[in-house]
Amino acid sequence: MPFPPGAIALCASDALRDGGLAVPFEVLHEGVPNRAFAVRHEGQVVAFLNRCTHVAMELDWQPNRVFDASGEWLICASHGAIFHPTSGECMGGPCNGGLVRIALLEQDGQVWWLPDAHTVAPEVAARGD
């Protein structure tokens, strides 16, 4: 499979365990600095902006903990909104839409972030690439 241009190494594949700790990373989403996170759910790696849709607060209830106690749902620690861990869709609680998904690729034991027109790496934006 050809490797997408502009892909950014995020973490080793084994850093993400089903329902486990998130791997955080910094992004510029539509020009605004944000934290994002990558997680694994049922073997699939996914990433989202770390921003609840109810009130723009990070989801973590402890550093890099965005799953509920069951490891099945993403949860906002501030207001209790529940999100589907692979789609980001709001499944309950106070929300205003779903989480913003960020494209990832997992290949050869590595997870890669695929920036797009809306979400870029802060250092790329600073260089003007």
Side-chain angles (χ1 to χ4, degrees):
M1 153 188 331
F3 203 73
I8 298 170
L10 184 59
C11 64
S13 291
D14 62 5
L16 296 173
R17 302 203 185 282
D18 277 351
L21 293 177
V23 170
F25 57 108
E26 301 296 323
V27 303
L28 283 179
H29 179 71
E30 297 183 354
V32 178
N34 281 279
R35 278 187 23 144
F37 64 86
V39 293
R40 184 180 300 277
H41 182 260
E42 296 180 351
Q44 182 179 352
V45 295
V46 293
F48 299 98
L49 286 185
N50 194 352
R51 186 172 65 201
C52 182
T53 59
H54 172 231
V55 175
M57 299 177 73
E58 293 185 357
L59 274 62
D60 311 45
W61 52 275
Q62 287 185 350
N64 304 322
R65 293 191 183 272
V66 293
F67 279 103
D68 68 357
S70 73
E72 290 298 314
W73 303 101
L74 300 176
I75 186 168
C76 175
S78 297
H79 302 103
I82 302 290
F83 300 93
H84 192 279
T86 53
S87 70
E89 176 185 0
C90 178
M91 304 305 289
C95 356
N96 185 19
L99 298 175
V100 175
R101 189 155 176 185
I102 297 172
L104 295 181
L105 169 69
E106 185 172 25
Q107 184 174 311
D108 299 327
Q110 180 71 39
V111 177
W112 300 85
W113 166 32
L114 308 174
D116 61 25
H118 302 284
T119 308
V120 299
E123 58 274 10
V124 170
R127 290 193 316 257
D129 289 357

Completion exercise
Sequence neighbours excluded, the answer for side chain to side chain contact (heavy atoms under 4.5 Å, CB included) partners of E106 is S13, R40, V45, V111

Practice task
Give the cluster check for F37 versus L10: same hydrophobic cluster or not, with ILVMFWY residues linked at side-chain heavy-atom distances below 4.5 Å.
Solution key: no

Completion exercise
With sequence neighbours left out, the residues meeting side chain to side chain contact (heavy atoms under 4.5 Å, CB included) with A7 are F3, W112, L114

Problem - 4.5 Å side-chain heavy-atom contact, F83 and T53 - result: yes

Practice task
Quick one: list whatever passes ring pair (Phe, Tyr, Trp, His ring centres under 6.0 Å) with H118, sequence neighbours left out.
Solution key: none

Practice task
Treat each ILVMFWY residue as a node, draw an edge where side-chain heavy atoms are under 4.5 Å apart, and state whether W61 and M57 are in one component.
Solution key: no

Exercise for the section: Sequence neighbours left out, what passes side chain to side chain contact (heavy atoms under 4.5 Å, CB included) with M91? Give chain and number order. Expected result: W73, I82, H84, E89

Exercise for the section: Output every pair passing disulfide (SG to SG under 2.5 Å) with a member in residues 63-115, not counting sequence neighbours, ordered by first then second residue. Expected result: C90-C95

Exercise for the section: Determine whether L74 and F48 make a side-chain contact, defined as any pair of heavy atoms from C-beta on separated by less than 4.5 Å. Expected result: yes

Handout entry: salt bridge (charged side-chain N to carboxylate O under 4.0 Å, His left out): pairs with one or both residues in residues 45-60, sequence neighbours excluded
Key = R35-E58, R35-D60

Handout entry: Shared hydrophobic cluster for L99 and V39 (ILVMFWY, side-chain gaps under 4.5 Å)
Key = yes

Practice task
Not counting sequence neighbours, list each pair that qualifies as a salt bridge (charged side-chain N to carboxylate O under 4.0 Å, His left out) and has a residue in residues 9-34.
Solution key: none

Fill in the blank from the handout: Applied to residues 4-31, the ring-ring contact (aromatic ring centres under 6.0 Å, His included) test, sequence neighbours excluded, yields F25-W113

Exercise for the section: Using the test side-chain hydrogen bond (donor to acceptor under 3.5 Å, both in side chains), find all partners of R101 that sit at least two apart in sequence or belong to another chain. Expected result: none

Handout entry: Same apolar cluster (I L V M F W Y, side chains within < 4.5 Å links), I75/L16
Key = no

Problem - Residues that E42 engages under side-chain hydrogen bond (donor to acceptor under 3.5 Å, both in side chains), provided they are two or more places apart - result: none

Practice task
Could you state whether L59 and F67 fall into the same hydrophobic cluster, counting links through intermediate Ile, Leu, Val, Met, Phe, Trp or Tyr residues with side-chain heavy atoms under 4.5 angstrom apart?
Solution key: yes

